[in-house]
Undergrad: 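My questions all concern the structure below.
Not measured: the values here are computed from a predicted model. Proteins get letters first, then strands, A, B, ... in listed order; numbering begins at 1 in each.
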Amino acid sequence: MTRFNMPMAQVARELGLSADEYRVLVDAIGREPTMTELGVASAMWSEHCSYKSSRVWLRQFPTQAPWVIQGPGENAGVIAIGDGLAAVFKMESHNHPSYIEPYQGAATGVGGILRDVFTMGARPIANLNALHFGAPDHPKSRHLVAGVVAGIGGYGNCIGVPTVGGLTVFDGGYDDNILVNAMTVGLARADRIFTSAAAGIGNPVVYVGAKTGRDGIHGATMASAAFDDQAAAKRPTVQVGDPFTEKLLLEACLELMATDAIISIQDMGAAGLTSSSVEMASKGNVGIELELDRVPMRETGMNAYEIMLSESQERMLMVLRPGAEDRARAIFDKWDLDFAVIGRITGTGRLVLRVAGETVADLPLAPLADAAPVYRRPWVATPPRAILAAEDVVAPVGDGEALVRLMGGAHLASRRWVWEQYDHMVMADTVQRPGGDAAVVRIHGTGRALALTADVTPRYCLADPYVGGAQAVAEAWRNLTAVGAQPLAITDCMNFGNPERPEVMGQFAGCVEGMAAACEALRFPVVSGNVSLYNETNGVSIPPTPTVGGVGLIDDLDAMAIIAFKRAGEPVVLIGATRGHVGATLWLGAICARDDGAPPALDLAVELRHGDFVRGLIRGRRVSACHDLSDGGLLVGIAEMALAGDLGVALAPAPEDLPSHGWWFAEDQSRYLVTATPGEAKAIVAEAENQGIPACVVGTVGGDALTGLDGEPISLKSLRNAHEGWFPALMGEND
Amino acid sequence: MKAGVVVFPDSNCDRDVMVALRAASGGEPVVLWHKESSVPPLDLIVLPGGFSYGDYLRPGAMAAHSPIMRAVKERATAGTPVLAICNGFQVACEAGLLPGALLRNASLKYVCRDVHLRVEQSQTVFTARYAQGQVVRIPVGHHDGNYVADAATLDRLEGEGRVAFRYVTPEGEPTAGANPNGSARNIAGVFNETRTVLGLMPHPERLADIRLGGTDGRAMFESLVEALA
């Protein structure tokens, strides 16, 4: 039996609508839907498009600040960055497609987020990504890593937007459900931001870009369901990317945006023509009529259902000013792209679709939107864990050996293998390349810059969702602060398991609350985001992973910090308190093979105070290097600075009131390392203490090894070999 | 110096090279659109990096047959200097302006990183500001930079002083480890017979500004301005 001769209620189930949702739909439109209408409604009500399980929680996020121009709800968030300019950015997931077909899944994830940003009128200036793979030795990991990295590079390199930063995590919790989160940041004039609300009865609706094919039909529905062993059979629902066409579309759209021809514009992402036409009309409280046979098509014989649900890439829908069609068409002709007037805006409040003059769908938009399901799903809080003190754990190996194992292990080993496959220098404004605390991209033609980061610590979120959610935001804030930037706003990508499981909803609720608290305290609002639920395979959900993408501003590039040790003889100063918190740390997991304990506590007032102090030092040009402490703790932070600067360090002895592993590997929060001349270092410590901020000297830069731990000095050469060798070895390369 | 920068569909280093040209010359380069079939009088033509037509067929293969390239070839034959960077180098080889071809990197992966180059020929309009044998640091970013030609061609290039740059260690040694893509004899760039066309895979425009971490690329643009102003 095909879908076309099944009872509609059964088709609805196949398309992901519950029996209740189907009844509500029939009530809302007053009759049984047609096949095309059901396709449209099921896509609009999918988790991916409707946020039906997450909406009630997301309202907690602070979204306002004087510099916020556009908060959540549009294609991307927008913040003012001075000089009449705006930063436009968003992060989005492409998890399920990337697991099924890693190259195209990841590539189209990049393509989609780029479109979200240039739809707003911004020229993309940077891409970032956050990748979570399964255990390194899982049989699929190498295949997935190779494909995802090549796909991200294949798209970003071709379109010519630098991929400047991100995060790559390996954890068995993602074995059968990897995460691929892509973020794009663009620059626009603050007074030239484009949005999606349609307006003007009778105005032409224009389709531009690539032709429509049968690829990606039901992508949004697929992304809203859990996986089983048959996941590979869903391969045809993955779209195919064409970065060349997207580059032309980018240039053509920006050229048209420089005129006054466009009233509103929306890219065709998930659920394609369905979501773009419905969103534009709904936001504008108008109706929309489309003649589907005018849609440029790549294949013959496509029916209305396929045209509306296709997720072919590199397409845009626009409402133009009347009479602007010819001017607009000339620009798209110049760039060799399709341009077709496919419909008009109406005052009926209905979505009307016609093929060869015959109506195939006629849906009332407001009732459909009002009736859209919103769930307050049952949830249970994650049980709290006991705090684990350093004294409670016996170190199985010495501190030096632990350091080398951590630096040369899955979590901390150099990601050079990844980022050398990304063009991170095109556009010639990349001031800080991958490998530091945050990427720094110059605002073209100025001495100012944006600092960018993507971060999250899923093992903290698993141990305590509230603390983990708050820490993800604080960590992004800290990364930006450590380069000297003023953190301004975040985008998020909420990757969780099956929301119909109360414990998963509990993780979601906890993370949202923690993130909201941190955003509030750090004046770091959420301006855009994405929710990816049903990251579950065969009943096993992923660790809660609320990825945070942060954007900050550096007003003067002469006052920017990098992590590299600069000069022999300079003291290394630790800012912030070390209490020896080892619960849920990397050291506990990688060295002790334990994953218990509460995550480190986070005091947001302390976070703010320490960060503001450190940023002041950088802006006052008083430090020669700066690095925030995170995974792996103090010793790892020092080692990373040493490798970056190719200078060793003589470590001061660990204090006697802590076991040494508690000093070197604890992950107490709100800490930074800075280096400065000896005189300046002394002044910094004194100033910090005056302000009630713990600070002390933990070592002195110099030599070509880390000395001062028990045992032999650790040469930079051996540390570097361990650090750089892991990834190529994983991928079967021996260079 | 009046420079023109060709823009193919999907060129993406056109702006970057214009910035570098402007910084070196103070002059404003003109854009040469790929659909044009003639070029105005110019002192220098640049084929920029990036991609062209997505390079879905073979890098540079489509662009080499675009209308603008017929005019570029005429000018090159008449002696107008042509600087062909990265994808531009691929286009120039496909168009027959330079000998050899650029295959997929030996690693089969895209590679973006700084490399060290030895200046093999400083007696040209492109390289006069470099010292013969000088080692410079300039980035590469490509998937298909593996330069090949038959042995006779390579011997002729070497014999005629037409190897422009070679991938070397920071100490100047052309080792296998210093070669990012498997190029024959570590060749990073070559000249035509009259040394008026230079093709190279590295991007001098990406390290021509101290803010970006180095200025070794700047001397190429300064050499051109000095020779052609």
Undergrad: So does A:Trp417 get a backbone contact from the side chain of B:Lys109, meaning a donor-acceptor N/O pair under 3.5 Å?
TA: no
Undergrad: Does any backbone or side-chain atom of A:Arg442 lie under 4.5 Å from a heavy atom of chain B? Answer side chain, backbone, both or neither.
TA: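 The side chain, not the backbone.
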Undergrad: Please state whether the side chain, the backbone, both or neither of B:Ser11 comes within less than 4.5 Å of a heavy atom of chain A.
TA: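 Only the backbone of B:Ser11 comes within 4.5 Å of chain A.
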Undergrad: Give a yes or no on this: more than 12 heavy atoms of other residues, nucleotides or ligands lie within 6.0 Å of atom CE of B:Met62.
TA: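 For B:Met62, atom CE is not crowded (no more than 12 foreign heavy atoms under 6.0 Å).
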Undergrad: Has the side chain of B:Asp16 got a donor or acceptor atom that lies under 3.5 Å from a matching backbone atom of A:Met427?
TA: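 Present.
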Undergrad: To the nearest 0.5 Å, what is the distance between SG (B:Cys13) and CG (A:Asp423)?
TA: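 It is 6.5 Å, given to the nearest 0.5 Å.
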Undergrad: What part of A:Leu248 gets closer than 4.5 Å to chain B, counting heavy atoms only: side chain, backbone, both or neither?
TA: side chain
Undergrad: If you count heavy atoms of other groups shown closer than 6.0 angstrom to NE2 of B:His65, is the number above 12?
TA: no
Undergrad: Around atom NZ of B:Lys35, are there more than 12 heavy atoms from other residues, nucleotides or ligands closer than 6.0 Å?
TA: yes
Undergrad: What's the verdict on side chain to side chain contact (heavy atoms under 4.5 Å, CB included) for A:Lys247 and B:Asn12, showing C-alpha distance, side-chain angles and the deciding distance?
TA: CA-CA 9 Å; A:Lys247 167 71 172 169; B:Asn12 61 37; 4.2 Å; yes
Undergrad: Between B:Phe51 and chain A, which part of the residue has a heavy atom less than 4.5 Å away: side chain, backbone, both or neither?
TA: side chain
Undergrad: I'd like to know whether A:Val426 forms a side chain to side chain contact (heavy atoms under 4.5 Å, CB included) with B:Arg206, so could you lay out the CA-CA distance, the side-chain angles of the two residues, the decisive distance to 0.1 Å, and finally the verdict.
TA: CA-CA 8 Å; A:Val426 63; B:Arg206 290 188 180 185; 3.4 Å; yes
Undergrad: Non-hydrogen atoms of chain B under 4.5 Å away: do they reach the side chain of A:Ile159, the backbone, both or neither?
TA: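 For A:Ile159, backbone heavy atoms alone lie under 4.5 Å from chain B.
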Undergrad: Got a second to check how far B:Asp10's CG is from A:Thr245's OG1, nearest 0.5 Å?
TA: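 Output value for this atom pair is 9.0 Å.
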Undergrad: Using salt bridge (charged side-chain N to carboxylate O under 4.0 Å, His left out), reason through B:Arg211 and A:Asp558 one step at a time and then give a plain yes or no.
TA: CA-CA 9 Å; B:Arg211 283 256 193 255; A:Asp558 288 331; 3.0 Å; yes
Undergrad: Considering only heavy atoms, which portion of B:Arg15 lies under 4.5 Å from any heavy atom of chain A: side chain, backbone, both, or neither?
TA: side chain
Undergrad: If you draw a 6.0 Å radius around NZ in B:Lys2, do more than 12 non-hydrogen atoms from other residues or ligands fall strictly inside?
TA: yes
Undergrad: Does B:Arg70 have more than 12 heavy atoms from other residues, nucleotides or ligands lying within 6.0 Å of its CZ?
TA: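 Not buried by this count: 12 neighbours or fewer within 6.0 Å.
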Undergrad: With rounding to the nearest 0.5 angstrom, report the SG to OH distance, A:Cys158 to B:Tyr53.
TA: 13.5 Å
Undergrad: Mind checking the SG-CD spacing from B:Cys112 to A:Gln421? Nearest 0.5 Å is all I need.
TA: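 One finds 11.0 Å between SG of B:Cys112 and CD of A:Gln421.
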Undergrad: Output the option from B:Asp209, B:Asp55, B:Val19 having the highest count of non-hydrogen pairs under 4.5 Å with chain A.
TA: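 Looking at each option in turn, the highest pair count goes to B:Asp209.
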Undergrad: Considering only heavy atoms from C-beta outward, does the side chain of A:Arg433 approach that of B:Asp114 to under 4.5 Å?
TA: yes
Undergrad: What distance do B:Trp33 atom CH2 and A:Lys334 atom NZ have between them, rounded to the nearest 0.5 Å?
TA: 5.0 Å
Undergrad: Which distance, rounded to the nearest 0.5 Å, do you find between the CG of A:Asp429 and the CG of B:Leu212?
TA: 6.5 Å
Undergrad: What part of B:Asn87 is in contact with chain A, defined as an atom under 4.5 angstrom from a non-hydrogen atom: side chain, backbone, both or neither?
TA: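 Neither part, no heavy atoms under 4.5 Å.
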